[in-house]
Amino acid sequence: MAVDLGNRIVVLIDMDCFFCQVETRLKPEYAGKPLAVVQYNLWRTGGIIAVNYEAREFGVTRHMRGEEAREKCPHIILAVVPGSRGKADTSRYRSAGREVIDVLKKHCTMVERASVDEAYLDITQIVDDQLAKKEFDPAVVEELKTTYVIGHSECNVNNEEQRRKGLEEWIAEAAEDIQIQRLAIAGRFVEFLRQEIKETTTFNCSAGISFNKILAKLACGLHKPQKQTILPASSVSKLFGSLPVKKVRNLGGKLGDMVIDALGCHVMSDLLQYSLQDLQSRFDRKTGHWLYHIARGIDNEPVTPRLVSKSIGACKRFPGKQTIVKVETLRHWLGELSSEISERLEQDFEENERKATSLTVSFHYIQNKKVISQSRAFALTTYKQEKIAEMSINAVLKVTQDLPISFLGVSAGKFIKSRGSENLKKFFKPSSSLNNLQGSEKEDVNNFIDEHVELIKKLKTQITNSNSSNENNSETSKNVSIPIEQSSNSQFCSTSLKINDKFSPYKYESATVFNETVMEKKNEPKSNISFFVSNNAMLKLQEIFPDLDDIDLDVLHMLPMQLQDEAKKFLKVKGIKNLSEDINILKQKLSNSKACEKQEVKLVAKSGRGRPPKCKLVVSNYSNPQTDIQHFFIKTGTNNKAENFKKCLQCHQLILTNKFEEHNDYHVAQNVQLEMNSLLASDERRKRKLSDETFDQFS
DNA sequence: CATGGGCAAGCA
DNA sequence: TGCTTGCCC
């Protein structure tokens with residue numbers, strides 16, 4: 001029978017025993033041997049946080065101490081998480097996780113980083129495009145070399161014969177079933193992705209392929225490691241007939257216990273007997289609604305494109321005898337935690353061009369033998385370690401006085417884009433490095449300014465006009481842009497500024513020497529400001545001149561030769577007439593989008609091979625993707641009629657027809673933003689040291 | 001004496 | 001904003 005779970009194809013990519021793989025890449029001699037990763041190793045040989053599959057054979061699991069693991073498996077290797085500032089530091093795994101994300105984002109625009117080693121992908125468009133382009137060929141079965149299909153082989157067993165037989169049995173029905181075709185094409189694509197990950201990072205992973213996040217996640221876990229699993233809609237009911245409630249994402253904790261205890265539901269299909277009203281009365285409205293639908297395999301949570309985390313934090317527990325009782329000790333640890341996040345925030349600023357604006361200090365203290373958890377949040381105006389530490393210490397002491405402290409955490413979040421506007425002025429204004437420039441360089445810069453000052457003023461006027469129609473003082477805004485090019489193989493020509501850490505707004509006071517950061521072209525001479533030329537990026541003139549009415553000559557003097565050349569090229573091909581046309585289109589777009597609150601107009605230089613570059617305008621934004629996009633979605637429980645909705649081809653959500661255009665703008669903007677981020681980040685990473693890492697084959 | 005460190009999101 | 005829950009390794 002036909003089971004409709006919607007038209008999305010959602011994938012979860014999940015690295016196999018990730019921390020173990022990272023350690024094995026560093027020390028290839030670990031390959032093939034039982035291995036666990038522990039945090040700390042003084043007390044009972046540390047706590048195990050990851051176990052490889054060789055060690056699992058011996059019954060070693062997480063939640064064990066290193067000691068216990070040694071009892072079960074005497075030859076086990078216990079790799080210790082690096083220690084820094086007196087605490088475990090997991091940055092090694094975070095950057096390894098980024099490598100994986102970098103591979104994924106090359107092949108898919110809708111990637112949501114769900115954890116350090118997991119990502120959800122919405123590949124609906126990719127699959128349907130492929131299927132539209134080329135008729136389905138059952139021979140794809142030959143490319144599904146590590147694919148299992150639920151309902152056609154036993155779960156939790158990796159048996160090649162069974163796998164192959166089940167797969168062929170399933171594919172045999174493909175001719176009459178478009179959903180089989182779609183999933184098979186998806187499977188082939190995911191095989192490809194996993195192979196790409198393997199080749200570029202050495203890491204193995206598993207994947208789940210289905211119609212939504214919950215099912216993809218579920219499927220992924222059923223044939224680990226190094227396998228991928230397709231969960232067709234028609235197999236859901238059978239699977240749920242024996243699937244323990246707690247195996248489903250979000251039901252692994254207290255809610256799952258409540259479902260079991262209050263309803264006596266032990267497997268998912270037990271939930272089917274309850275009506276929506278039943279569930280909503282026993283739980284809250286939202287939870288009841290979710291339970292009712294998830295019991296039927298329905299989950300509408302969209303894959304929200306996001307490659308970076310929303311917060312950066314560091315914390316440490318001080319259990320038992322280690323509880324902090326002296327102010328001195330408190331100062332020490334908050335100093336260490338502040339130091340770590342300060343460093344990580346600076347790095348994040350480099351990689352992601354954003355600034356955290358909020359700092360939250362969390363702490364647990366003990367009063368009357370009870371642990372009390374509290375947190376305090378502040379505006380974050382500096383990344384200076386001393387300031388962060390001072391704020392944190394004051395906040396904690398104010399509450400705890402002399403009470404013992406068992407936990408400390410510092411976390412920064414509420415990021416805003418740091419490009420453009422006043423932040424750059426801050427970097428440059430106090431700079432004394434102008435003196436470091438050679439005479440000829442100065443001259444070049446001055447010529448550049450003279451040549452283009454009129455043009456810049458005109459641009460400024462246009463930009464201001466465009467912005468004034470949408471004045472709003474909200475600090476968040478929305479990304480709205482005009483598509484630059486649909487075809488994927490078209491060439492773009494662009495230049496973008498990249499500020500390295502010495503330019504951080506929080507460090508500029510002490511920055512007198514500027515490091516060079518040249519991306520893409522490795523042998524370029526050193527310069528004060530880094531930049532890159534890419535074949536598919538965009539020129540962002542306003543980043544160079546954030547406030548065109550208030551150009552600080554010192555700023556312009558600092559422009560490197562390469563940038564000047566690029567800028568000249570750009571400005572020569574740039575015509576005001578062209579620009580004003582684009583601004584008109586832009587204005588029209590903006591007036592349609594009431595969610596757009598604060599715009600920044602940027603120039604995008606586009607050039608095809610053998611034809612002159614052309615300019616387009618892009619309005620870029622500072623926004624929170626979730627909150628913005630969700631306002632377009634259907635509110636469940638409202639009585640909207642089907643004809644009022646239109647389906648979005650990008651995220652496959654039903655959108656209110658009258659919001660559709662706005663919604664679409666969102667995606668366009670998001671894609672541009674993602675592209676920019678990805679370019680900046682990958683170039684940044686390329687220059688980062690990888691020397692201590694080895695790329696030998698993982699077992 | 002004790003998995004620990006780390007993320008995201010929901011709720012009031 | 002502060003607190004809790006859930007999940008990852």
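Order of the sequence lines fixes the chain letters, A, B, ..., with proteins taken first and strands second; residue numbering starts at 1 for each chain.
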Answer with base, sugar-phosphate or nothing: what part of the nucleic acid does [X] contact at a heavy-atom distance below 4.0 Å?
| X | answer |
| --- | --- |
| A:R249 | sugar-phosphate |
| A:I48 | base |
| A:R344 | sugar-phosphate |
| A:Q39 | base |
| A:E23 | nothing |
| A:K217 | sugar-phosphate |
| A:G320 | sugar-phosphate |
| A:Y40 | sugar-phosphate |
| A:Q322 | base |

Has [X] got a side-chain N or O lying under 4.0 Å from the OP1 or OP2 atom of [N]?
| X | N | result |
| --- | --- | --- |
| A:K316 | B:dT3 | no |
| A:R113 | B:dA8 | no |
| A:R65 | B:dG4 | yes |
| A:S362 | C:dG2 | no |

### Task
Specify whether A:H223 and A:Y148 have parallel, tilted or perpendicular ring planes, treating 30° as the upper limit for parallel and 60° as the lower limit for perpendicular.
parallel
### Query
Should the ring pair A:F349 and A:Y383 be called parallel, tilted or perpendicular, given that the plane angle runs from 0 to 90° and is split at 30 and 60?
perpendicular
### Message
Please report whether the ring centroid of A:W290 lies less than 6.0 Å from that of A:F283.
### Response
no
### Task
Step through it carefully: locate the ring centre of A:Y292, locate the ring centre of A:Y274, and say whether they are under 6.0 Å apart.
no
### Message
Taking the nucleotide of DNA chain B with the nearest heavy atom to each, does A:S309 or A:D284 sit closer to the 5' end?
### Response
A:S309
### 5' precedence on DNA chain B between A:A114 and A:P319 (nearest-nucleotide basis)
A:P319
Quick one: [X] [atom1] to [N] [atom2], roughly how many Å, whole number?
| X | N | atom1 | atom2 | result |
| --- | --- | --- | --- | --- |
| A:D14 | C:dC9 | CG | C1' | 10 Å |
| A:I324 | B:dC1 | CD1 | C1' | 15 Å |
| A:H63 | C:dC9 | NE2 | P | 11 Å |
| A:L345 | B:dG6 | CG | P | 13 Å |

### Task
Return yes if a side-chain donor-acceptor contact under 3.5 Å exists between A:E199 and A:Q195, otherwise no.
yes
#### Entry: B:dT3 versus C:dC8 - spacing of their C1' atoms, nearest Å
14 Å
